[in-house]
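First up is the structure itself, then whatever we jot down about it.
Here the structure is a predicted model, which is why all the values come from computation and not from measurement. Numbered from 1 within each chain, the chains take letters A, B, ... in sequence-line order.
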Amino acid sequence: MTELLTIVVATCLGYLVLLTLIYVVFALVSAFENSVRRRESAVEDYRTLSSSRFTIPVSVIVPAFNEQTSLVPAIQSMLDLDYPEHEVIVVNDGSTDATLDVLQEAFELERFETFARTVFPSGRVRGIYRSAAHPTLLVIDKENGGKADAMNAGFNIARYRFICGMDADMVMERDALLKGMRLVVQDPGRVVGVASQLGLALDPGRAMAVSRGRRRVERRPLVAYQHLDFLRAFLTNRLAWSRLGFMLCASGGFHIWRRDLVEQIGGFALGFTCEDIELTFRAHEYLQRQGQEYAVLSLPDNIGTTEAPDTVRKLVSQRERWQRVIGETVWHYRRMWFNPRYRIVGLIGLPFYLLTEVLAPAVELLALASLPLALALGVFDVTSFLVMVGAVAYLMASLSALAILLDDLHSRTYRRRDLAWLLLLAPFDIVLYRPIIFWARFKGTWRFLRGNKSWDRFERNVRSQPA
Amino acid sequence: MHEIVFLTAVLVLAISFPLWLLLSLVTVLGRLRYDRRQRLGAKTPSARHVRRLLKRALEKPRTEIGEWRRIAALNRLARMEHPATAHVLYHALWGDDDKAAAAAVRCLGGLGSPWAIELLVAAMRGGRVPRSRIASQLERLYPEPAFLLLPLLRDPDPAVRFWGATLLGPYENLGEGDLVELARDEDANVRAAAVEALGNRKSEEAAEATVALLDDAAWFVRVHAARAAGHAAGPDAAPAIARLLGDERWWVRTAAKDALEGLGKDAAEALVPILTSRDRFARNRAAEVLQDIGLVDFLALAHPGSSLLARIYAAGGPRFREAAEARAARARETMEEQAA
């Protein structure tokens, strides 16, 4: 029994050490990538880019399901984007609340018919609306079919060479599209996909009303920890993936894709819980098979703010869904695991996902089950355990601090005192926030194994009425 | 095992705690310094600093970060309009570092002086920097480059001719003869650019050239020709453009629809025969243009029983009719409210 326990504890510790090493290496690569992107962005001629007719036009597609509380500020921010030519296509995916009415009132919508070819099949379109106030806004009202189906419906009607998917709760920075398209415009033949960093707030519209540099980070620890989580994911992980050539997660909040690629790979897939990660995997798979030189990039620019769940229940619901879709996608593309045909994507990207995302809940569960027993039987002494927890806490806090530093160097978005607040919270992440995420990931894995593919979107936060 | 775990954990803690502290201090103090600098504004660089910038701008960097430092130095010198700017930008533009060359293009566009424009036009010929970036800068300097662009139209390289024609678009009185010539170029991209530029002109030659390209073999030339013919040839081109509503390529149909909408009510007559086309998409799109130019709403309000409206409804389908009737009902309500 003791021997078995020793093996289990040693395995868990080995996993922890391996994971830590990987994260440290990725953090260093990310810091380098951030430095390059920061210098690049500092000398970019955004003024010319924002007025030139040679800047590639973009179709923004916003799927919306029951978004009556968050949609108007989000769409307004998308219409206000500083970009030479873009259209905004909102797809009301059979909302059962007043989403369409709210849109109609806010943007003076009127029903018109617009004929489009069916590139990808989608749910029945009930009507198409144009705005009298904003000629670049188009609203498709269709029967419910899920987010991927809504994206496909928007894609069918989109006019431009690049499409940009945005979430209906995202409030964008005015220069979001310029920042996102900056590298595409330089090399549209090679850069096929772009994602970028997002901020978090309970009410994105209110948060974004404050100018950059004076913006607040939510003080509530639950939201602040999610903010830290986002910063770590985007600035000490995805930047490294982007640099190394296996950016496997262009999140639904903001993702730009070259239209012809999406067309070639068959559009957004309906058979998955979420469509964003799967599309990224499929794009890599296709382009690697074709042997094409390409880039899917993740940028450090803070391009907008999305809504953060404000209760533990909502957070668990969101994160378990994310875990489920990671499980579904990594399993679906198992032929790519360790497959040299897919080069770095198959040899490092997919195994990384497998190791850090898919297997993590199982190892964490094993550790949780064996540790008390190991402590009780003396396989592992309490002092070592406590020192180890402290070591992991400060190591992770160091990665968080690096993420905060990289974000501040690049975007200078938040107030100094809020940065200090995040830095102080970081060491307690392991005891205050990780257990919630562990539970969500465990639940997500369990539901993935049971084949559950429901959407379970978290209920939107209640907003205070503007004065 | 106890000892190994304990010692490893102590070691990690001994490194990670000070590291967290250090990064936190760097973050907060760095931001404090940044905020102070923002408040005080930019300082005039010292002579020593300028010398360092010059050295950096001219030396060959060994690392990627070094490349960006060089670019930052180029930028800074150009912004300061330092007397050596022309020299360092020339050096960067024709050196072997592509990123520095691209940065030089941006700086030249920012300067906008005659020598900078000449260098940009020369860079357009050279083709080291993506030509779209050079074009953005030359376009930004409108109308200064004007005559310097004309030789590009006769360049042996089709890519240069393409950009020459594209850039000449906004210059309504310049190079029309050459553009008409280029509308018959053997390279389809050049033809597309030429026809697009001709779209901004009102002469008979320009109109003829744009209408002739409506039947081009390359679909993207037809796209540009449809849009250009709408502008250059006006309502006379409407029947020829309307024909493109049934083109084999979707993008050509879309361009034709946009061009017809641009013609407004003058396009209506040309669209009526298309309403009974055997091609469903052509019928649909003809109905859509009539809707977008306001004819459907007018008929639905003033002549709801007209045979033309019935034909348009038949071409547009039930959803089209539903939308039109909803708009008409709303318009009637508004009128009644106003009358009351």
Exercise for review: Quick one: closest heavy-atom pair of A:D408 and B:T27, and the distance?
Suggested key: OD2-O, 4.4 Å
Exercise for review: With a 4.5 angstrom heavy-atom cut-off, could you sort out which part of A:A393 is near chain B: side chain, backbone, both or neither?
Suggested key: neither
Exercise for review: Flag the pair B:R133 and A:D187 as a salt bridge only when some basic side-chain nitrogen lies within less than 4.0 angstrom of an acidic carboxylate oxygen.
Suggested key: no
Check your understanding: Between A:A426, A:G127, A:G378, A:S400, which shows the greatest number of heavy-atom pairs under 4.5 Å with chain B?
Key -> A:G378
Practice item. Start with the C-alpha gap between A:S51 and B:R140, add the side-chain angles, then the distance that decides, and say whether side chain to side chain contact (heavy atoms under 4.5 Å, CB included) holds. Key: CA-CA 8 Å; A:S51 59; B:R140 170 188 170 184; over 6 Å; no
Exercise for review: Output yes when a side-chain donor or acceptor of B:W20 lies under 3.5 Å from a complementary backbone atom of A:L423, and no otherwise.
Suggested key: yes
Check your understanding: Does the distance from a Lys or Arg side-chain N to an Asp or Glu carboxylate O, for B:E196 and A:R53, drop under 4.0 Å?
Key -> yes
Exercise for review: Heavy-atom distances under 4.5 Å only: say whether B:I15 touches chain A with side chain, backbone, both or neither.
Suggested key: neither
Study note, to complete from the structure: Per-residue tally against chain B (heavy atom, under 4.5 Å) across A:Y414, A:F385, A:Y129 peaks at A:Y414
**Study point:** CG on A:L419 to OG on B:S24, rounded to 0.5 Å
**Key:** 10.5 Å
Point to revise | Salt-bridge present (B:R31, A:D418; N to O < 4.0 Å) | key: no
Practice item. Could you tell me which portion of B:T166 (side chain, backbone, both or neither) has an atom closer than 4.5 angstrom to a non-hydrogen atom of chain A? Key: both
Point to revise | A:S398 side chain vs B:S16 backbone, donor-acceptor pair below 3.5 Å | key: yes
Exercise for review: Measure across B:A9 and A:A391 and return the closest heavy-atom pair with its distance rounded to 0.1 Å.
Suggested key: O-CB, 3.4 Å
Exercise for review: Measure across B:S132 and A:V185 and return the closest heavy-atom pair with its distance rounded to 0.1 Å.
Suggested key: OG-O, 4.3 Å
Review point. Roughly how far, to the nearest 0.5 Å, is CD1 of B:I4 from OG of A:S384?
Key: 11.0 Å
Review point. Checking side chain to side chain contact (heavy atoms under 4.5 Å, CB included) for the pair A:R39/B:I71: CA distance, chi angles, key distance, verdict?
Key: CA-CA 9 Å; A:R39 285 161 206 271; B:I71 289 167; over 6 Å; no
Practice item. Select one option (side chain, backbone, both, neither) describing which atoms of B:A135 are under 4.5 Å from chain A's heavy atoms. Key: both
Study note, to complete from the structure: Closest non-hydrogen atoms of B:D258 and A:R159, given as atom of the first, atom of the second and distance, are OD2-NH2, 2.9 Å
Study note, to complete from the structure: Most contact-rich option vs chain B, by heavy-atom pairs under 4.5 angstrom, among A:G390, A:P427, A:A42, A:A420, is A:P427
Exercise for review: Considering non-hydrogen atoms only, spot the tightest contact between B:A72 and A:V43 and give its length.
Suggested key: CA-CG1, 4.2 Å
**Study point:** Which portion of A:D45 sits near chain B, non-hydrogen atoms under 4.5 angstrom
**Key:** both
Practice item. Take B:F6 and A:M388, measure what side chain to side chain contact (heavy atoms under 4.5 Å, CB included) needs, and give me the verdict at the end. Key: CA-CA 7 Å; B:F6 183 74; A:M388 204 184 72; over 6 Å; no
Exercise for review: Working to the nearest 0.5 Å, report the span between CG of A:L405 and CG of B:L25.
Suggested key: 11.5 Å
Practice item. Please look at A:L402 and chain B and tell me whether the side chain, the backbone, both or neither of the residue comes under 4.5 angstrom of a heavy atom of that chain. Key: both
Check your understanding: Is the closest basic N to carboxylate O distance between B:E64 and A:R243 below 4.0 Å?
Key -> yes
Exercise for review: Against chain A, label B:N284 side chain, backbone, both or neither, depending on which of its atoms sit under 4.5 Å from a heavy atom there.
Suggested key: both
Practice item. Applying side chain to side chain contact (heavy atoms under 4.5 Å, CB included), run through B:W163 and A:F54 and close with a yes or a no. Key: CA-CA 11 Å; B:W163 282 109; A:F54 305 124; 3.6 Å; yes
Review point. So does A:R117 have more than 12 non-hydrogen atoms from other groups sitting under 6.0 Å from CZ?
Key: yes
Review point. Going by heavy atoms in the side chains, are B:V12 and A:Y394 under 4.5 Å from each other?
Key: no
Review point. Which of the residues B:K257, B:Q38, B:R285, B:E67 is involved in the greatest number of heavy-atom pairs with chain A at under 4.5 angstrom?
Key: B:R285
**Study point:** A:T114 versus chain B, the contacting section by heavy-atom distance below 4.5 Å
**Key:** both
Check your understanding: Hey, what do you get for CG (B:L19) to CG (A:L399), rounding to the nearest 0.5 Å?
Key -> 8.5 Å
Check your understanding: Are A:R130 and B:E288 ion-paired here, with the side-chain N under 4.0 Å from a carboxylate O?
Key -> yes
Review point. Taking atom CZ of B:R332 as the centre, does the number of heavy atoms from other residues, nucleotides or ligands within less than 6.0 Å exceed 12?
Key: yes
Review point. Does the side chain of A:R111 come within less than 4.5 Å of B:E322's, by heavy atoms?
Key: yes
Practice item. Flag the one option from B:V28, B:L32, B:V10, B:V26 with the top tally of heavy-atom pairs under 4.5 Å to chain A. Key: B:L32
Exercise for review: Any chance you could measure B:Y34, atom OH, to A:R416, atom CZ, to the nearest 0.5 Å?
Suggested key: 12.5 Å
Practice item. Please state whether the side chain, the backbone, both or neither of B:L29 comes within less than 4.5 Å of a heavy atom of chain A. Key: neither
Check your understanding: Does any N or O in the side chain of A:E113 come within less than 3.5 Å of the main-chain N or O of B:R319, such that one atom is a donor and the other an acceptor?
Key -> no
Point to revise | For chain A, the option from B:D292, B:T8, B:L21, B:V296 that forms the most heavy-atom pairs under 4.5 Å | key: B:D292
Practice item. For atom CD of A:E105, decide whether the heavy atoms of other residues, nucleotides or ligands shown that lie under 6.0 angstrom number more than 12. Key: no
Review point. Non-hydrogen atoms of chain B under 4.5 Å away: do they reach the side chain of A:V125, the backbone, both or neither?
Key: both
Check your understanding: In terms of heavy-atom pairs under 4.5 Å with chain A, which of B:L11, B:V129, B:L13 leads?
Key -> B:L13
Review point. Do the ring planes of A:F115 and B:F320 sit parallel (below 30°), tilted (30 to 60°) or perpendicular (above 60°)?
Key: parallel
Check your understanding: Under a 4.5 Å cut-off applied to non-hydrogen side-chain atoms, are B:S136 and A:L49 in contact?
Key -> no
Practice item. Can you tell which part of A:L422 gets under 4.5 Å to a heavy atom of chain B, answering side chain, backbone, both or neither? Key: neither
Practice item. Could you tell me which portion of B:T254 (side chain, backbone, both or neither) has an atom closer than 4.5 angstrom to a non-hydrogen atom of chain A? Key: side chain
**Study point:** Structural part of B:R253 lying under 4.5 Å from a heavy atom of chain A
**Key:** neither
Review point. In terms of heavy-atom pairs under 4.5 Å with chain B, which of A:Q186, A:R126, A:R412, A:R47 leads?
Key: A:R412
